[in-house]
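Data first, discussion second: the structure below is written as C-alpha cells.
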Amino acid sequence: MHFEGRETVNAPIDAVWAFLTDAQSVMGCTPGFREVEAIIGPDHFRPVVTASVGLVKATFTLDCHIVNKQPPHKARITGRGSAVGSAVDAQSDLELISESPGKTTIIWTADATLSGALTNMGARLVDSAAEKTTNSFFACVREKLDAGARAGVVR
Amino acid sequence: MTAPSDIQGMGHSVRRKEDARFIRGKGNYVDDVKLPGMLYLDIVRSPYAHARITNIDIAPALAVPGVLAVITGKDLDAAGLAWMPTLMSDRQMVLPVDTVMYQSQEVAAVVADSRYAAADGVTEVGVSYDPLPPVLDPFKALQPDAPVLRPDREDKSNRIWHWEAGSRESTDRAFREADVVVEQDIYIPRIHVASIETCGCVASMDSVSGRLTVWMTTQAPHAIRTVFCLVSGIPEHKIRVISPDIGGGFGGKVPVYPGYVIAVVAALKTGRPVKWIEDRSENLQADSFARDYHIHAELAANRDGKMKALRTKVVADHGAFDAAANPSKFPAGLFSIATGSYDLQAAHVEVDGVYTNKPPGGIAYRCSFRVTEAVHTIERMVDVLASEIGMDPAQLRFANFIPPEAFPYKCATGWEYDSGNYPGALRKAMDKIGYADLRREQAEKRARGELMGIGISTFTEIVGAGPSDTFDILGIKMFDSAEIRVHPTGSAIVRIGVQTQGQGHETTFAQIVAEELGLPVDNITVEHGDTDTAPYGLGTYASRSTPTAGAATALAARKIRDKGQALAAHLLEVSEDDIEWADYKFRVRGAPDKSKTMADIAFAAYTNHPKGMEAGLEAVCYYDPPNLTFPFGAYICVVDIDRGTGEVKIRRFLAVDDCGTIINPMIVEGQIHGGLTMGMAPALFEEISYDEDGNIRGGSFMDYLMPTAMETPVWETDKTVTPSPHHPFGAKGVGESATVGAPPAIVNAVVDALAHVGVRHLDIPMTPSKVYAVLEAHGLAE
C-alpha cells in the first residue's frame with residue numbers, strides 16, 4: 001500500500017523537525033498508541049499500537065528506527081511488528097520545506113505491507129482506515145505545533 | 001403380510017429418515033462429542049504468506065491460566081511428525097519447523113482446559129518472522145528465476161508434475177486440416193466448499209487398552225484410519241475412526257488437515273481427550289481450496305460446424321503442497337473428459353501442477369476430480385465456436401453430439417462412455433423452456449436496448465470411481481462395500497463403506513435393500529462412518545456412493561435372495577428351480593398363490609433352516625465397478641442484465657438431468673436444487689484471491705459471498721432416464737451434476753446477452769462490477 005500527502009503547519013522548520021523525530025511526541029499523535037515499550041536509543045524505539053480495521057483490532061509491538069537523517073530536511077522512519085494473526089512492515093519518508101520562518105510544509109510518503117487478519121478480514125476497509133488514521137495524525141501534529149509555536153515551545 | 005406399498009423401494013419419494021433428527025436439532029456432530037476431562041486445542045497461524053520463523057516464545061502462553069501445553073514444529077519434528085503424506089504422494093507440513101508457506105498456515109498449537117483459555121494462549125505465543133518474498137502467480141512460479149518454494153523436494157522446481165492425455169499428433173493433424181480454429185483463455189478461480197460445519201475432531205487415547213479413537217469430520221473414515229496407522233505406527237486394529245453426522249463435505253472433508261494430526265499428538269502427549277474445532281475464517285483461509293485452473297483452450301472445426309479436435313493447456317495452481325485428493329494415477333483428476341458430450345476425432349490435454357505461496361488443495365469441490373473444469377472448458381468453447389461461425393449454439397450442439405446409438409462410445413482421450421441420449425435431453429429442455437420463443441423475445445428486447453441472454457450447457461460427467469485396474473488412492477483400490485444382515489423377524493441392518501454428509505444414504509440405501517429383498521423400508525437400518533463396524537470402503541465423494549456402494553448393496557442383497565431361494569424351496573417343499581422371485585415374494589412357478597415373503601424366509605433362516613445349510617441370513621459384497629458411469633444433462637439459463645448496475649439476474653433456469661435409474665426422485669431433485677445453487681455461486685459471486693503480498697481476499701463471509709435464499713432463483717427441473725448398462729440397477733450418481741453443469745450455462749447466457757457487441761467470453765465470477773466494466777467498455781452502461 002502506498003500513501004502520500006502534503007501538510008503545511010504554522011511552525012518553524014526546526015520545531016517541526018524536533019517534533020517529528022521525537023518518539024514520544026510522534027507517538028502521542030498516533031491514533032491507537034498505547035505506550036512506548038522501550039526507547040533503545042535516540043533513533044530506535046518500540047511503541048505498542050492498536051490498529052483497527054472494521055471489526056478487527058490488533059495490537060502491534062513495533063520495532064521503529066529513524067534512519068537517513070538530514071536535519072532539518074529529511075528523514076526516513078521504518079517500522080516492523082506483529083500482532084496476533086497480523087503483521088506490518090512500513091517505511092515513511094519525510095521532507096520538510098521552510099515556507100517562511102513560521103511556516104513549514106511536510107511532504108510525506110509511506111509504504112506499508114499489512115499481512116494477516118487485518119487485511120483479509122477487512123480488505124475493502126483498509127484504505128479508508130488508513131486515511132482516517134493519517135488525517136487524525138496530522139490534525140494532532142498541526143494542533144500541537146501551532147499551540148507550541150504560539151507558546152514559543154515545542155514539546 | 002407386507003403389502004408392496006409398505007416396501008417403498010426404488011422410485012419412491014420416501015421422506016428422509018435422517019431428517020427426523022436433523023430438523024429437531026438432534027443431529028450428533030463432532031462438536032457435540034464431549035468426553036470427561038476433555039481438553040481444547042487452538043492454533044496459532046501465520047500472518048505472512050512466506051516467511052522464515054526465527055523464534056517461537058511459548059513461555060508467555062504457558063503462563064496463561066488453563067494452558068497445559070504448546071506444541072511447535074520442533075516438537076513434532078523430534079517425533080518425526082512435522083510432515084505428513086498427502087493423498088497425492090506429496091508431503092505437507094503439519095507444523096513448520098522453520099518456514100511458513102502461506103498465510104494462515106498452522107504455526108503452533110495451544111492445548112488448554114477450556115476453549116477460551118486455548119484462545120487466550122494463542123494470543124500469547126510470540127512468533128518472530130523474517131518475511132520472504134511470496135510467489136503468488138503460478139506463471140511466475142514456472143519462470144527459471146523464480147525462488148524454489150519447496151527445497152525439501154529432490155526436484156528443485158516449482159513444477160510439481162506435468163501430465164498429458166490424448167494424442168498430440170492426431171490433434172495437431174486435425175487442427176491443420178480444420179477450416180476454423182477458435183482459442184480462449186479461461187480462468188476458473190479458487191473457491192472454497194464452505195460447508196456449514198467446519199472441520200474438527202476429538203482424539204482420545206485409552207491408556208488401558210492402548211486404543212485411539214478419533215471422532216472426525218471425514219468423508220472417508222477407513223482410508224483415514226489406514227493413513228493414521230501408517231504415519232503413526234499405531235496398529236490399525238488399535239485405531240477407531242468415527243465419522244458422525246457431517247454438516248456438508250463437498251470434497252473438503254476428504255484430506256487430512258494438520259489440526260487432526262496435532263489433536264492426536266496432543267491427546268497422546270497429555271493423556272486426555274483433545275477437541276479441535278476450527279472457526280469459520282480458519283476453514284475458509286487454510287483448508288483445501290478448489291479449482292484455480294488457468295486454461296488455454298483451442299477448438300478446431302469445419303466451417304459447417306462439425307467439431308474436429310480440442311487442445312488445452314492448463315496451469316494448475318496447487319498452493320504450497322499438492323494436497324488434492326485425486327486417484328493416484330490422475331494428478332489432474334479426470335480433466336481429460338474435456339471432450340464432453342461431443343464426437344471429436346482427436347483431443348490433447350496438458351496440465352502442469354505448480355507450487356505457490358497459497359494454501360494447499362485442489363480438492364474436488366462437489367465434482368468428480370476436475371470434471372467441473374473440463375465441462376466449463378468444453379461448454380464455453382462450443383459457444384465461442386458458435387459465435388465465430390455464426391451458428392445457433394443449440395444447433396451446433398445437435399450437429400456434434402455423440403449419437404445415442406454410438407454407445408458404448410470411446411472418446412479421444414480414452415474414456416468409454418457407458419450410455420447417453422444427449423439430443424433427447426437437449427430437445428426436451430428446449431421444448432419445455434420454449435427456446436424459439438425466447439430467441440424471438442431476445443431479438444425484440446435487443447432492438448429496444450435491453451440485455452437478455454440464453455445459455456446452454458449440455459454436459460457429461462464421469463463419476464463413480466472406480467475400476468480397480470485404474471483407480472486407487474494411495475494404492476487402496478477404489479472398490480466399495482456393503483454388508484446386510486436380515487434379522488429373524490424380517491427387519492435388517494445395512495452397513496456401507498461410504499459415508500453420508502447430507503446425501504440421504506440412510507434412506508436411499510434402505511430403499512435399495514427394500515427393493516431387492518421386499519422388506520419395508522421402515523424396517524431397514526443403515527449404518528456407516530464407524531470403522532469398527534462398517535465394512536472397509538473408500539468413502540463418499542465424486543458421486544461414487546450409488547455407483548459403487550449402491551451396487552455393492554444390491555449385489556449383497558441378491559446373495560441373500562439366492563440363499564432365500566433355497567430356504568423358500570425348503571419351506572414350500574419344491575425344487576429350487578421351481579421358485580421364482582416376483583412381486584417381492586418367492587413364488588412357486590405356475591402356482592403364484594404358493595409363496596413366501598422375505599420375512600418368512602428370515603424367520604426360517606434362524607428357526608427352521610434345512611440340514612446342511614448354515615443358519616442366519618446375511619451377506620457381504622465388495623464391488624469393483626467394471627467402468628465409470630456418465631450422467632449427463634441439458635441446462636438452459638435465461639438472464640437479464642441490469643444496464644445501470646451490471647447485475648446479472650437469472651430469470652429462468654431449467655435443468656434436465658439424466659442420472660440413470662432413480663432411487664428416490666425427491667432426493668434427486670433436492671440434490672439438483674442444492675447443486676444448482678452451488679453452481680451459481682462461483683459463476684456469479686464466489687472467489688478467493690490474493691493481493692501482491694499474499695493476503696487472502698475473501699477469507700471471511702464479509703468478502704466471500706455465499707448465496708442464500710435471497711440470491712437464489714426458482715429452479716426448474718426435469719429428467720430423462722438412460723440407465724447405466726453395467727450398474728446392477730442402472731444408476732449413475734447425481735450428487736454433483738448440477739454443480740458441474742450450471743456454471744457454463746450461466747456464463748453462456750451472460751455472454752449471449754452481450755454477443756451483439758462482440759463479447760465472446762467472461763471469466764467467473766461475473767460480479768456486477770465486472771459486468772458493469774464490460775457494459776462501460778461497449779457503451780452499454782446506463
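First the proteins, then the strands, lettered A, B, ... as listed; each starts at 1.
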Surrounding NZ of A/Lys69 (heavy atoms of other residues, nucleotides or ligands, distance under 6.0 Å), is the total greater than 12?
yes
Euclidean distance, B/Tyr129 OH relative to A/Asp89 CG, rounded to 0.5 Å:
14.0 Å
Closest contact, heavy atoms only, B/Pro47 versus A/Ala87:
CB-N, 3.7 Å
Among B/Gly126, B/Pro131, B/Ser104, B/Ala49, which residue has the highest count of heavy-atom pairs closer than 4.5 Å to chain A?
B/Pro131
Using a cut-off of 6.0 Å, state whether more than 12 heavy atoms not belonging to B/Arg280 lie near its atom CZ.
yes
Can you tell me which portion of B/Val127 sits under 4.5 Å from chain A's heavy atoms? Options are side chain, backbone, both or neither.
backbone
Donor-acceptor pair, distance only, cut-off 3.5 Å: does the side chain of B/Asn695 make one with the backbone of A/Leu114?
yes
Within 6.0 Å of CD in A/Glu95, more than 12 heavy atoms from elsewhere:
yes
Does atom CD1 (A/Ile97) have a neighbourhood of more than 12 heavy atoms from anything else shown, all under 6.0 Å?
yes
For A/Lys103, does the NZ atom have more than 12 heavy-atom neighbours from other residues, nucleotides or ligands under 6.0 Å away?
no
Under 4.5 Å from a heavy atom of chain B, the part of A/Ser82 involved
side chain
Do other residues, nucleotides or ligands put more than 12 heavy atoms under 6.0 Å from B/Tyr187 OH?
yes
Side chain, backbone, both or neither of B/Phe701 within contact of chain A (heavy atoms, under 4.5 Å)
neither
Could you tell me which of B/Val107, B/Val44, B/Thr123 has the largest number of non-hydrogen atom pairs under 4.5 Å with chain A?
B/Thr123
